[in-house]
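Since the model is a prediction, treat every value here as computed from it, not as a measurement.
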Amino acid sequence: MSNRRQSTFEVAQMGKVWIASISLFGISAIGATEADAIQGVLEALKTHTVGASSPASLEACESCQ
C-alpha cells in the first residue's frame with residue numbers, strides 16, 4: 001500500500017444528542033441527529049490548521065496553539 005491513512009472518527013449517541021469527533025485533531029461536534037454531528041465535525045475540520053500545505057485558515061485553533 002503506497003497511500004494509506006488512518007484516523008479515529010467516532011460517532012455516538014448520548015441521550016437525545018449525537019456527538020461526532022476526530023480525536024487525532026481534537027475536533028468534536030454535537031448535533032440533534034447523527035448527520036448533524038458529522039456535518040459539524042466536517043465543517044470544523046475545514047477551518048482546522050492541519051499542516052503547512054493545508055488550505056485551512058492560517059491562524060491556529062485553540063487546541064493547536
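- Two different hydrophobic clusters hold V41 and I19 under the rule that ILVMFWY side chains link at heavy-atom gaps under 4.5 Å.
- Considering every non-hydrogen atom in both A44 and I27, the closest pair reads CB-CG2, 3.5 Å.
- Using a 4.5 Å cut-off between side-chain heavy atoms of Ile, Leu, Val, Met, Phe, Trp and Tyr, with links allowed through other members, L45 and L24 fall into the same hydrophobic cluster.
- For residues 11-25, the set of pairs meeting the salt bridge (charged side-chain N to carboxylate O under 4.0 Å, His left out) definition, not counting sequence neighbours, is empty.
- Scanning both residues, W18 and A32, for their nearest heavy atoms gives CD1-O, 3.7 Å.
- When the salt bridge (charged side-chain N to carboxylate O under 4.0 Å, His left out) test is applied to E34, no partner is found at least two apart in sequence or on another chain.
- Within the structure, side-chain hydrogen bond (donor to acceptor under 3.5 Å, both in side chains) contacts touching residues 20-33 (residues at least two apart or in different chains) are T33-D36.
- The hydrophobic cluster containing I22 also contains I38, counting ILVMFWY residues as joined when their side-chain heavy atoms lie under 4.5 angstrom apart, directly or transitively.
- Criterion: ILVMFWY side-chain heavy atoms under 4.5 Å apart, direct or through other members. Under it, F9 and F25 are part of a common hydrophobic cluster.
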